Amino acid sequence: MKNVELNADLHCHSSQSDGVLAPRELALRAARQGVQIWSLTDHDELSGLMTAGAVASEQGLQFVPGVEISVIWMNRTIHIVGLNIDPANAQLVTGLEDIRLRRGERARAMGDKLEKLGFAGCYEGALSYASNALLLSRTHFARFMLEQGYCSRLQQVFDLYLGEGKPGFVGAQWASLEQALGWIHASGGVAVVAHPGRYRLSSNQFDALFDAFRDLGGDAIEVVTGSHYPAQYLEYANVARRYGFLASRGSDFHSPGESRIDLGQLPQLPPGLDPVWSAWL
């Protein structure tokens, strides 16, 4: 096994989903930050990939087309990143269109809940932060609620109102794990469990998730990510070794003012792992 030490950043978001920067600005930022191989992975959306890829090429940055798919597994939301996908694949395109329709319905229901809690105009306010009403997410609502002074920090909005089990939360019936992996593989891509350390699962549930992911042909997990703390890098490196998964690295960057880690600023993968990007060099 060889840990190819490149500055790879294979998870971030543009204004086409819940990021703040447009795809062009994001590509330029990645290049300035010393990223060498980069992927744009917007939530359930492919529309930023063409521009991102073109600008990355102009900057001498190797670009990997990507997407982050919303999945429901054991009544929990899990995110699966698809890397090196074909954005024109009909199966992937159709599947993501269906998810976006569900996102739109969920956003309206979320706005209604927040209205009843006394927070007026949240749906319309969240829309002002989004480029597409069908991609309205909890992050857009949180930005509006922060702007209105309902909370002092973005994370506080999730902790008090929009996190799972909180009064403004609305669940959704996303894609199944089998569907998401099917779309990614049909498009020629590699399926990656995004930021596993973020999921509130028991040890037995994690084992069941990784077993199911492996049995369905899952390829990799994110080990070093802006959504993990340093101790979790080693924890998920051990998971990758145990299951034989490839290892991925990505900042999960959304905004200069919000994200814990900027593009390209993550440490390298722990030793003894097979990087997901080694086959694309």
Side-chain angles (χ1 to χ4, degrees), residues 8-33 35 37-56 61 63-71 77-85 87 92 96 99-100 103-104 106-107 126-144 146 154-155 157-158 162 172 174-175 180 184 189 191-199 222 224-228 248-266:
D9 198 322
L10 302 176
H11 185 164
C12 68
H13 301 277
S14 78
S15 56
Q16 297 303 110
S17 64
D18 62 346
V20 168
L21 302 181
R24 174 179 176 79
E25 295 169 326
L26 203 58
L28 293 172
R29 189 181 188 91
R32 287 197 305 270
Q33 294 289 99
V35 177
I37 181 168
W38 174 61
S39 183
L40 173 61
T41 56
D42 277 322
H43 290 285
D44 308 314
E45 178 59 56
L46 307 170
S47 60
L49 295 180
M50 184 176 292
T51 297
V55 178
L61 181 58
F63 183 67
V64 178
V67 66
E68 186 172 12
I69 302 179
S70 305
V71 166
T77 295
I78 303 292
H79 290 158
I80 302 295
V81 166
L83 295 175
N84 209 30
I85 57 169
L92 176 64
L96 295 179
I99 292 180
R100 290 197 296 274
R103 274 189 173 275
R106 179 200 192 204
L127 272 178
S128 69
Y129 285 92
S131 62
N132 186 339
L134 293 180
L135 286 168
L136 209 56
S137 73
R138 289 183 295 166
T139 302
H140 297 119
F141 282 92
R143 287 173 182 148
F144 173 73
L146 181 64
L154 198 72
Q155 185 57 46
V157 184
F158 289 90
L162 297 180
W174 306 125
I184 291 168
V192 185
V193 177
H195 41 57
R198 276 181 47 179
Y199 308 129
E222 287 184 350
V224 175
T225 159
S227 295
H228 284 176
S248 193
R249 176 182 187 262
S251 59
D252 197 10
F253 179 81
H254 285 72
S255 159
E258 296 172 2
S259 299
R260 286 178 51 212
I261 294 181
D262 207 335
L263 286 160
Q265 300 303 296
L266 288 165

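Because the structure is a prediction, the values reported are computed rather than measured. Values below: every heavy atom of this structure, side chains too, minus hydrogens, waters and symmetry copies.
- A side-chain donor-acceptor contact under 3.5 Å links S47 and Q16.
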Item to complete: List the steps, then state whether side chain to side chain contact (heavy atoms under 4.5 Å, CB included) holds for L83 with S248.
Response: CA-CA 10 Å; L83 295 175; S248 193; 4.0 Å; yes

Worksheet item: Could you walk me through whether T139 and Y129 pass the side chain to side chain contact (heavy atoms under 4.5 Å, CB included) check?
Response: CA-CA 9 Å; T139 302; Y129 285 92; over 6 Å; no

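- Here CG of L96 is found 7.5 Å from CD1 of I85. Values are rounded to the nearest 0.5 Å.
- A heavy-atom distance below 4.5 Å is not found between the side chains of L10 and W38.
- For the pair I184 and G82, the tightest heavy-atom approach, listed with the atom from each and the gap, is CD1-CA, 3.7 Å.
- Salt bridge R249/E222: absent, no basic N to carboxylate O contact under 4.0 Å.
- The shortest distance between side-chain heavy atoms of R29 and P256 falls below 4.5 Å.
- Using a cut-off of 4.0 Å between Lys/Arg side-chain N and Asp/Glu carboxylate O, R32 and D262 are scored as not salt-bridged.
- Smallest separation of non-hydrogen atoms from C12 and S39: SG-O, 3.5 Å.
- In this structure, OG on S70 lies 5.5 Å from CD1 on I99, to the nearest 0.5 angstrom.
- Annotation: side chain of T77 is not in contact with side chain of V71 (no heavy-atom distance under 4.5 Å).
- What you find for L40 and A52 is that their closest heavy atoms are CD2-CB, 3.9 Å.
- Two residues are said to be in side-chain contact when any heavy atoms from C-beta on lie closer than 4.5 Å; T225 and S251 fail this criterion.
- Side-chain polar atoms of D18 and H254 form a donor-acceptor pair below 3.5 angstrom.
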Fill in: Residues F144, L146; criterion side chain to side chain contact (heavy atoms under 4.5 Å, CB included); working and verdict
CA-CA 5 Å; F144 173 73; L146 181 64; over 6 Å; no

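- A donor and an acceptor atom, one from each side chain of H13 and E68, are located under 3.5 Å apart.
- Contact of the V157 side chain with the R143 side chain is not registered, since no non-hydrogen atoms from C-beta on lie closer than 4.5 Å.
- Counting heavy atoms from C-beta on, the side chains of S17 and D44 never come closer than 4.5 Å.
- D9 places a side-chain N or O within donor-acceptor distance of the main-chain N or O of G264, the cut-off being under 3.5 Å.
- The CZ atom of R138 sits 11.0 Å away from atom CG of L154, with the distance rounded to the nearest 0.5 Å.
- Residues V81 and V67 are not in side-chain contact: their nearest non-hydrogen atoms beyond the backbone lie 4.5 Å or more apart.
- For the atom pair OG1 (T41) and CD1 (I69), the distance works out to 11.0 Å, reported to the nearest 0.5 Å.
- A pairwise comparison of heavy atoms in A142 and F158 identifies CB-CE1, 3.7 Å as the closest pair.
- Smallest separation of non-hydrogen atoms from A130 and L136: CB-CD1, 3.5 Å.
- Counting heavy atoms from C-beta on, the side chains of F253 and L21 come closer than 4.5 Å.
- Shortest non-hydrogen contact noted between P87 and P65 is CG-CB, 4.1 Å.
- Side chains of S137 and R106: a donor-acceptor N/O pair is absent below 3.5 angstrom, by distance only.
- Note that CG of L135 is 5.0 Å distant from CD of E45, once rounded to the nearest 0.5 Å.
- More than 12 heavy atoms of other shown residues, nucleotides or ligands fall within 6.0 angstrom of atom CZ in R100.
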Discussion item. Is there a side chain to side chain contact (heavy atoms under 4.5 Å, CB included) between L127 and F141? Walk through the geometry before answering.
Written reply: CA-CA 8 Å; L127 272 178; F141 282 92; over 6 Å; no

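- R103 forms a cation-pi arrangement with W174, by the criterion of a distance under 6.0 Å to the ring centre and an angle within 45° of the ring axis.
- Atoms CG and NE2, from D252 and H79 in turn, are 9.5 Å apart once rounded to the nearest 0.5 Å.
- Looking at E258, its side chain never comes within 3.5 Å of a backbone N or O of S255 through a donor-acceptor pair.
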